[in-house]
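Remarks on the structure that follows.
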Amino acid sequence: MDTVWRLKRKLEGDAVLEVIGREVEECSFGLHFDRETPFGWRFEGDGAKLLVTAERREIRDLLQEEGGMTPKQVAIELDKSRGA
């Protein structure tokens, strides 16, 4: 095969379409399934961002808002155990 298109679905209705091949630049596209959209799929942007779990997104968003924090401060702010 020269090129492979692979659709990785997630439970929340999101998916990542990966394009891999010898003569194409590797890339991924974030998609969201929406019954109201023609053809069902809506483009969401860079697929690598969708591969991040909801918990990691929550931490990333917190750090973007608050700036640098220690793991202990993040755990307290998100009401999680320090080990989590």
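Every value quoted in this text rests on a predicted model; they were computed, and no experiment measured them.
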Worksheet item: What's the verdict on side-chain contact (heavy atoms from CB on, under 4.5 Å) for V19 and T3, showing C-alpha distance, side-chain angles and the deciding distance?
Response: CA-CA 7 Å; V19 180; T3 305; 4.1 Å; yes

Item to complete: Show your working on side-chain contact (heavy atoms from CB on, under 4.5 Å) between W41 and L7 and close with a plain yes or no.
Response: CA-CA 12 Å; W41 292 101; L7 183 65; 4.2 Å; yes

Discussion item. One pair to check against side-chain contact (heavy atoms from CB on, under 4.5 Å): R6 and L17. What are the steps and the verdict?
Written reply: CA-CA 6 Å; R6 179 172 57 179; L17 178 64; over 6 Å; no

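V24 and F29 fall within a single hydrophobic cluster, where Ile, Leu, Val, Met, Phe, Trp and Tyr side chains are chained together by heavy-atom contacts under 4.5 Å.
Looking at residues two or more places apart in sequence or on another chain, you find no salt bridge (Lys or Arg N to Asp or Glu O under 4.0 Å) involving R35. Not counting sequence neighbours, R9 has no partner by the salt bridge (Lys or Arg N to Asp or Glu O under 4.0 Å) test. With sequence neighbours left out, T70 forms a side chain to side chain donor-acceptor pair (under 3.5 Å) with Q73. By the side chain to side chain contact (heavy atoms under 4.5 Å, CB included) test, Q64 is found to be paired with R60, D61, residues two or more places apart in sequence or in another chain being considered. Applying the side chain to side chain contact (heavy atoms under 4.5 Å, CB included) rule to L62 yields the partners E66, M69, V74, E77, L78; only residues at least two apart in sequence or on another chain are considered. Annotation: side chain to side chain donor-acceptor pair (under 3.5 Å) contacts of D2 (sequence neighbours excluded): R22. Listed by chain and residue number, nothing satisfies the ring pair (Phe, Tyr, Trp, His ring centres under 6.0 Å) test with W5 (two or more places apart in sequence, or in another chain).
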